[in-house]
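Report on the following structure.
Quick note: numbers below take in every heavy atom, side chains included, and nothing from hydrogens, waters or symmetry partners. As the structure lists them, so they are numbered: ligands from 1, and atoms in each ligand from 1.
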Amino acid sequence: MRVFVTGATGFIGYHVVQDLVAAGHEVLGLARSKEKGQALIEVGAHVHLGALEDPESLRTGAVGADGVIHLAFIHDGAFANDFSKFTANCELDRRVIETLGDVLAGSDRPLVVTSGTGVANTVPDQPAVETNPVISSKMFPRAATEEAVESIAAGGVNVSVVRLPQVHDPVKQGLVSPLIGIARQKGVSAYVGDGQNRWPAVHVSDAARVYKLALEKGIAGAKYHAVAEEGVTLREIAEVVGRRLKIPAKSVSQEEANAHFGWVGMLVGRNVPASSALTQQQLNWQPTGPGLIADLEKLN
Ligand SMILES: NC(=O)c1ccc[n+]([C@@H]2O[C@H](COP(=O)([O-])OP(=O)(O)OC[C@H]3O[C@@H](n4cnc5c(N)ncnc54)[C@H](OP(=O)(O)O)[C@@H]3O)[C@@H](O)[C@H]2O)c1
């Protein structure tokens, strides 16, 4: 298959590109510069220069493809305590998905879009499941992604969604990475209350395989959860981070967390486990990579 991949130069996308090439697919990866594109050429992919803010570049990338995987996202606002910027980036994601949908409409060519498991934590304290209704973008801006998916699916696009939890290797661990940065800065590895709230996780190599399987045998309209661990407690995470950084792990109240973590503080105390039972069955996917705590044990 000739596959157009956005976010091909990113943490997860680069793994996806390598898996696709290894499986014999021809990959056209979106890159913002020739320098960035060089890494794609080195693993046997082709480069398509463009940007999320340039819809024509997305159209020309997708038009000759047999399938599209969308992973690009501007994270500047998400990790810079700038919620208005994060909201704008989520709304850009909505427009990007609509643009890709426009190109693929009227064909059977699959589009695989990236979302997060958090949007499906709609039954309090129960693991999010693939079939849950999702929250509104009015409550959490990132839900704009799946609103766009629903809209283009209604227009006949063969679109599926991969929902991600914290995606990790020994260097990057999703939203745990900014928590580590704050722990380094403040000399305390904090968790909220008794820290028994859980976040789901997956190793980056396992997440990449879900994208490849969703592209090759995904069902139109399906939501897949690339989740290996249903939930790891925030206390366990804070303790391993504290141990590795040689700083104390400490419980804080929700009010203290808001001041300590900035806007990530509103997420640190949330209990958002997620299941992948349906995904494992539908895609015949079994995660095999190391767990989140094992990767955090390698932190320096
Ligand atoms: N990592 C996680 O734990 C996690 C969890 C839930 C959801 N997700 C989602 O999964 C997707 C991939 O995440 P990731 O961890 O691989 O992120 P990442 O390492 O930050 O990669 C982001 C990708 O998007 C590209 N990009 C950024 N701004 C762009 C723009 N204006 N135009 C074109 N491309 C642009 C980046 O290109 P450059 O290389 O040029 O910067 C890079 O290829 C994102 O949608 C993310 O929100 C990730």
Side-chain angles (χ1 to χ4, degrees), residues 4-19 27-40 43 45 47-58 61-62 69-80 85-86 88-97 99-100 112-121 128 140-146 148-149 161-169 171-180 199-208 210-211 214 224-229 232 237 264 267 272 274 289 292 295-296:
F4 177 50
V5 181
T6 75
T9 56
F11 173 50
I12 303 163
Y14 199 50
H15 281 265
V16 171
V17 166
Q18 291 174 78
D19 278 10
V27 178
L28 184 64
L30 182 71
R32 291 195 277 182
S33 67
K34 277 188 181 160
E35 294 69 34
K36 289 270 186 180
Q38 192 52 40
L40 298 176
V43 295
V47 178
H48 181 75
L49 290 177
L52 293 174
E53 302 86 339
D54 174 2
E56 196 47 34
S57 73
L58 301 174
I69 296 180
H70 171 48
L71 277 144
F73 190 85
I74 307 175
H75 285 124
D76 308 358
F79 298 130
K85 208 167 171 189
F86 176 55
N89 295 341
C90 294
E91 286 304 315
L92 175 61
D93 198 49
R94 185 197 298 273
R95 296 196 296 279
V96 166
I97 292 162
T99 300
L100 294 171
V112 182
V113 166
T114 303
S115 178
T117 54
V119 300
N121 277 107
F140 189 63
R142 190 64 203 256
T145 298
E146 292 204 27
V149 165
V161 172
V162 174
R163 294 191 187 130
L164 297 173
Q166 308 312 310
V167 183
H168 58 86
D169 73 359
V171 179
K172 276 186 93 174
Q173 301 88 21
L175 272 179
V176 176
S177 293
L179 300 191
I180 295 169
W199 284 6
V202 70
H203 190 266
V204 65
S205 58
D206 288 321
V210 173
Y211 281 90
Y224 298 113
H225 284 190
V227 171
E229 294 178 280
V232 182
I237 293 170
V264 189
L267 303 177
V272 286
L292 175 60
D295 272 346
L296 289 174

Is the contact between [X] and ligand 1 made by the side chain, the backbone, both, or neither, using heavy atoms and a 4.0 Å cut-off?
X	result
Thr114	side chain
Glu53	side chain
Arg142	side chain

If the contact criterion is a heavy-atom separation under 4.0 Å, does [X] count as touching ligand 1?
X	answer
Arg163	no
Ala31	no
Lys172	yes

Heavy-atom nearest neighbour of [atom] within options [options]:
atom	options	value
atom 12 (C) of ligand 1	Asp76, Leu71, Val96, Thr117	Leu71
atom 8 (N) of ligand 1	Val113, Leu164, Val5	Leu164
atom 33 (C) of ligand 1	Val176, Val17, Leu52, Ile12	Leu52

Can you tell me the protein heavy atom closest to [atom] and the distance?
atom	value
atom 23 (C) of ligand 1	Gly7 CA, 3.7 Å
atom 35 (C) of ligand 1	Arg32 NE, 3.7 Å
atom 17 (O) of ligand 1	His75 CE1, 3.2 Å
atom 43 (O) of ligand 1	Thr9 OG1, 2.8 Å
atom 5 (C) of ligand 1	Pro165 O, 3.1 Å

Partner of Tyr211 under side-chain contact (heavy atoms from CB on, under 4.5 Å), chosen from Val5, Val17, Asp19, Leu71 |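 That would be Leu71.
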Do any N/O atoms on Phe11 end up under 3.5 angstrom from N/O atoms on ligand 1?
->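 There is such a contact, yes.
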